[in-house]
Amino acid sequence: MLDQLDQRLRQLIKEKHWNKLTNIQEMSFKPITNGHNTLIIAPTGYGKTEAALFPILNKMLHEDVKPVTVIYITPLKALINDLLHRINWWSSRLGFLVNRKHGEVPQKEKNLRLKKIPHIIVTTPEGLEIDLDWASRFREYYKNVKWVIVDEVHELVSSKRGTQLSILLERLKSFIGYDFQRIGLSATVSDEEKVAKFLFGSSERKMSIIKLQDTRNFEIKIRKIKNDSIMWKNAAELIHQLIEKPTLIFTNSRFSTERLYEELEKLGNTEIYVHHSSISKDLKNLAEDELRNGNAKAVVCTKTLELGIHVGDIKKVIMLRPPTSVSSFLQRLGRSGHIVHGIPKGEIVCFYDFDVMEAFALYISAIKGKIEKPIIDDGLDVVARELLGMILQYQKINIDDAYNIIHNSYIYRNLKLSEFMELIEYLAKNNIIKIDNGYLKLGYNFFKIWRFNKDSKSGWGKEFSEFFSLINNDETFTLKYNGVTVGEIDAVYVYKHVRANDIIRISGKLWKVMRINLNKSTIDVTPVNEGEGEIPIWKGESTSKSSIIVNSIKNIIKNFNKYYPVMKNILDKDAMDSLLKILSEYKEQSLNIPIDNIIIVEKREDDEWIYSTLIDEKIANTLSHILLYLVIKKYTLNAFARSSIYGFSIKGTPIDLLKEVVNMDDNKIRKIILKSILRSPLYIATLKEIQPSFGKISKINLKEDRFLIKEALRQTLKRYFSIKKTLEFINKIRRQEIRIIYVDNPTPLSEAVLSHAQIRPWLLDLNVSIYQALKGGAYTVNELSEVLGISPKSLENKLKQLRRANNKYKVTSFVDVDSRENRWCLYEDFISIVKSEEYYSSFAPLNQNEIFIASLKSGDNQVEVIFKPKDLLNSPDEILRKIPFNNIEEVKVREAIDTSYQFSQKYYHVGKDIIIYLLLNAVAYLQSLKYS
DNA sequence: GACCTGCTGCGGGGTG
């Protein structure tokens with residue numbers, strides 16, 4: 001191939017001291033030169049960027065090209081920065097200008113591109129979105145584009161960002177009126193054809209897929225630690241021995257990252273860093289730099305370091321607990337042995353017996369080359385957003401033209417015009433667009449939702465910059481030390497758990513909370529050296545395990561003897577014992593392992609029914625939601641379910657509800673599934689995510705917003721549930737192809753089910769939501785308002801109503817003497833809150849002997865009780881005797897000498913059962929005012 | 001205990 005390259009390019013290759021080109025560079029040259037749309041598949045580190053670049057630069061040297069000639073798209077800002085230098089090295093020497101564009105490029109640098117138009121622009125999907133929608137001058141230069149390169153296609157293909165990009169490419173094609181050449185760069189994927197079609201869309205060019213047979217081997221060891229009360233310490237001790245400088249230690253959560261670091265630190269480890277998405281950028285950069293410089297012994301990280309950023313040569317990868325998919329397993333493993341002939345070296349450290357099964361299943365699947373197929377997101381919210389983008393671009397757009405552009409995208413090739421019209425009508429109803437003689441224009445709600453003005457924080461709406469991105473963010477608090485950001489915590493966690501003087505562990509350090517600024521959503525902290533810090537819990541989306549893992553586990557159990565020799569090589573003794581233990585426990589109970597045709601049912605003492613069987617997680621999720629729906633309808637609100645690949649469970653029913661489900665007809669089950677999804681937090685989250693795209697900001701109305709509800713339901717179903725597979729599963733039970741066996745003793749898989757999180761329903765009934773939010777704690781109106789997403793004012797009114805209630809939803813309030821704020825709690829929880837340490841000072845008078853007067857009212861009855869604080873503690877019955885009614889509508893407390901009522905405290909709608917504590921609260925509060 | 005990613009353009013006015 002070298003001989004076909006222009007002399008100037010050949011000279012540069014010589015200058016780089018490249019003796020030869022990599023295989024993938026050789027193989028890609030011809031198809032790209034011939035103008036084919038080309039998908040290049042090879043692992044990281046094989047020079048894919050140059051494989052795409054060489055033939056293009058070669059052509060650019062000979063053709064009359066005008067800037068902008070090439071758009072290079074990649075999903076990460078860090079990659080853009082890397083690529084800029086890499087591409088610029090070649091192109092600047094050939095006389096072509098390169099420019100980058102992402103949110104953190106300084107304004108000065110951004111402005112340059114209009115003065116000197118670049119030949120090659122490197123940006124994100126969002127960057128292209130901005131340019132097409134909004135950059136009215138620069139986008140004119142896009143009319144010269146001949147090539148579009150999309151990097152990390154595997155990363156984009158199954159996300160909304162990829163869907164967005166697929167429409168953007170069709171918009172670009174329509175805008176410039178030229179079928180530009182598309183080149184994709186990807187890591188190993190399972191469904192290459194589909195990925196190629198996704199990328200190439202409506203282009204009529206021939207297509208080529210260039211794939212490097214990945215013959216790289218890898219070394220893997222699966223280990224198990226003892227999961228007793230000090231399992232984190234055990235894990236750290238083992239990992240400490242396994243580390244070979246430099247090592248990447250992957251965990252599956254931000255919490256685990258911090259927790260493991262804590263224990264590694266206790267073992268005296270230095271030169272170890274923490275890396276995850278909630279750590280400040282500077283600290284992340286430090287960790288990356290130290291890796292590259294060879295100073296870091298190890299970095300404990302989440303998926304942040306799984307993606308393509310170069311972090312130097314990694315000697316070894318340790319995974320704390322198995323990752324949830326084969327592709328993630330391979331990506332993590334691939335971070336080590338980065339030199340082309342290096343062999344990746346990995347360790348999986350397991351906590352539980354079933355971790356060992358999963359780890360081995362991952363290994364077997366990886367060896368066999370079984371990788372998860374991409375699931376393309378076909379959300380209509382993306383269509384809506386792109387439609388709005390097109391209107392921004394053209395001011396107005398013909399409905400048919402808009403439809404054709406969307407329809408050209410591979411993802412929406414089956415979208416019917418009627419469905420498109422339904423979408424348009426819904427957008428028009430929300431006044432985010434208006435329809436004018438077959439043309440679409442922006443409606444007056446557009447700039448209400450996507451605000452330009454950052455300061456007008458009041459009310460609803462999002463910042464205009466967010467319009468260009470389909471990534472959602474939950475509310476967070478930023479931790480600041482001396483004004484410098486050190487990390488981030490979920491807002492809900494802050495409201496529920498963080499208070500002044502608490503010690504928090506984040507970014508591998510301990511911080512004391514000095515001040516919580518609710519308005520700015522920041523927390524001022526200061527570093528401390530000792531004490532036990534609490535690690536915050538971040539609530540992410542649930543990560544489900546791929547069905548490849550489930551099937552692989554089934555296969556391994558069925559053919560245990562066949563796999564045994566491999567196992568002996570890869571598992572350490574403890575891991576091996578774990579696997580054998582699972583098998584022998586079933587044997588001891590004379591049970592078959594529930595892999596294909598058995599469900600083992602156990603009822604635990606607390607009314608939790610566990611159905612264990614290896615199962616597709618979507619089926620488990622669907623079944624558990626059906627059961628949850630039935631329990632709530634029939635028995636109790638205090639119910640929850642669990643679902644996992646090891647089975648599912650339901651708590652709160654005295655009878656086996658699965659039996660009832662099996663006896664229902666399919667239509668009824670279908671209806672229940674839909675109803676149960678409408679109550680699931682997963683649906684609520686989807687709804688929240690997509691509704692701004694449709695211009696919906698006010699309260700959702702079941703009739704008016706049918707389109708939105710239907711779409712949210714469809715997306716939730718597609719992502720997390722499966723009606724078809726669930727009905728098939730139930731049918732197998734009916735036909736007794738799946739047998740149900742009841743047992744009394746715990747079995748290994750049921751223990752695995754129990755280790756999964758509880759799914760609680762989200763009820764639209766406000767009383768219930770408040771009940772759920774308050775349960776077990778005491779909160780201010782503002783805190784609750786954030787948790788529930790209801791305005792503080794209406795929430796306060798609701799709480800005042802509930803104060804009068806005479807049922808389990810009844811609430812009450814008291815003053816938090818430390819913060820002087822009113823706190824609300826469930827009436828049923830009040831006494832346990834009084835007795836908790838947290839609010840001790842709110843019920844502890846400072847002076848026992850001062851005299852107070854309480855005036856109590858009930859209807860027309862009224863009494864005054866004179867008391868000393870010590871009476872409340874020593875002889876409460878005497879005080880109670882003086883109160884002639886059980887329900888006290890109003891209590892007013894003041895100090896006897898304060899005849900002006902200058903300081904008094906009131907309570908409403910309380911029973912005699914808690915009045916003593918409220919009097920204590922009033923006294924503690926009034927005295928705290930007086931003595932401070 | 002449950003991952004990650006990104007996020008105005010253009011031109012006019014002022015200052016040195």
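We name chains A, B, ... by the order of the sequence lines, and we start the count at 1 in each one.
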Rounded distance in Å - CG (A:N472) to C1' (B:dG6):
12 Å

Side chain of A:T304: nearest nucleotide among B:dT5, B:dG6, B:dT8?
B:dT5

Here the distance between atom P of B:dT5 and atom CD of A:Q164, to the nearest Å, is 17 Å

Classify the nucleic acid contact of A:H102 as base, sugar-phosphate or nothing, counting any heavy atom under 4.0 Å across all strands shown.
sugar-phosphate

Any salt bridge between A:E129 and A:R171, counting N to O under 4.0 Å?
yes

From CD of A:E689 over to C1' of B:dC4, roughly how many Å is that when rounded to an integer?
14 Å

If I take atom CH2 in residue A:W232 and atom P in nucleotide B:dG1, what distance separates them, rounded to the nearest angstrom?
6 Å

A:Q715: which of A:D381, A:T686, A:D377 passes side-chain hydrogen bond (donor to acceptor under 3.5 Å, both in side chains):
A:D381

Under a 4.0 Å threshold between the charged nitrogen and the carboxylate oxygen, would A:R137 count as salt-bridged to A:E140?
no

Which whole-number value in Å describes the distance from A:K303 NZ to B:dG6 P?
12 Å

If a protein heavy atom is under 4.0 Å from the base, mark B; if only from the sugar-phosphate, S; if neither, -; do that for nucleotides 9-16 of chain B going 5' to 3'.
SSS-----

A:I471 side chain, from C-beta outward: closest of B:dG1, B:dC7, B:dT5
B:dT5

Are any of the side-chain nitrogens in A:R254 or A:E258 under 4.0 Å away from the carboxylate oxygens of its partner?
no

A:E466 has its side chain closest, among B:dC7, B:dT5, B:dA2, to B:dC7

Check the phosphate of B:dC4 against A:T302, side-chain N and O only, distance under 4.0 Å to OP1 or OP2. Yes or no?
yes

So what does A:F464 touch, heavy atoms closer than 4.0 Å: a base, only the sugar-phosphate, or nothing?
base

Is it the case that the ring center of A:Y261 lies less than 6.0 angstrom away from the ring center of A:W232?
no

Is the shortest heavy-atom distance from the side chain of A:I759 to the side chain of A:S680 under 4.5 Å?
no

Quick one: is A:R332 getting a side-chain N or O under 4.0 Å of the B:dC3 phosphate, OP1 or OP2?
no

Which of these nucleotides, B:dT5, B:dT8, B:dC7, is closest to any side-chain atom of A:S469?
B:dC7

Does this structure show an ion pair linking A:R161 with A:E155, if we count only N-O contacts that are shorter than 4.0 Å?
no

Round to a whole Å and report the spacing from CZ of A:R642 to C1' of B:dA2.
14 Å

Kindly indicate whether the side chain of A:N473 and the base of B:dG6 share any N or O donor-acceptor pair separated by less than 3.5 Å?
yes

What's the CG-P distance between A:D133 and B:dT8, to the nearest Å?
12 Å

Exactly one of A:K462, A:R385, A:R719 should register a salt bridge (charged side-chain N to carboxylate O under 4.0 Å, His left out) with A:E689. Which one does?
A:R719

Please tell me which of A:Q758 and A:P75 maps to the more 5' nucleotide of DNA chain B, matching each residue to the nucleotide holding its nearest heavy atom.
A:Q758

Would you say A:T124 reaches B:dG6's phosphate, i.e. side-chain N/O to OP1/OP2 under 4.0 Å?
no

On the nucleotide B:dC3, are OP1 or OP2 found under 4.0 Å from the side-chain N or O atoms that A:R254 carries?
yes

Over how many whole Å does the gap from A:K281 atom NZ to B:dT5 atom C1' extend?
14 Å

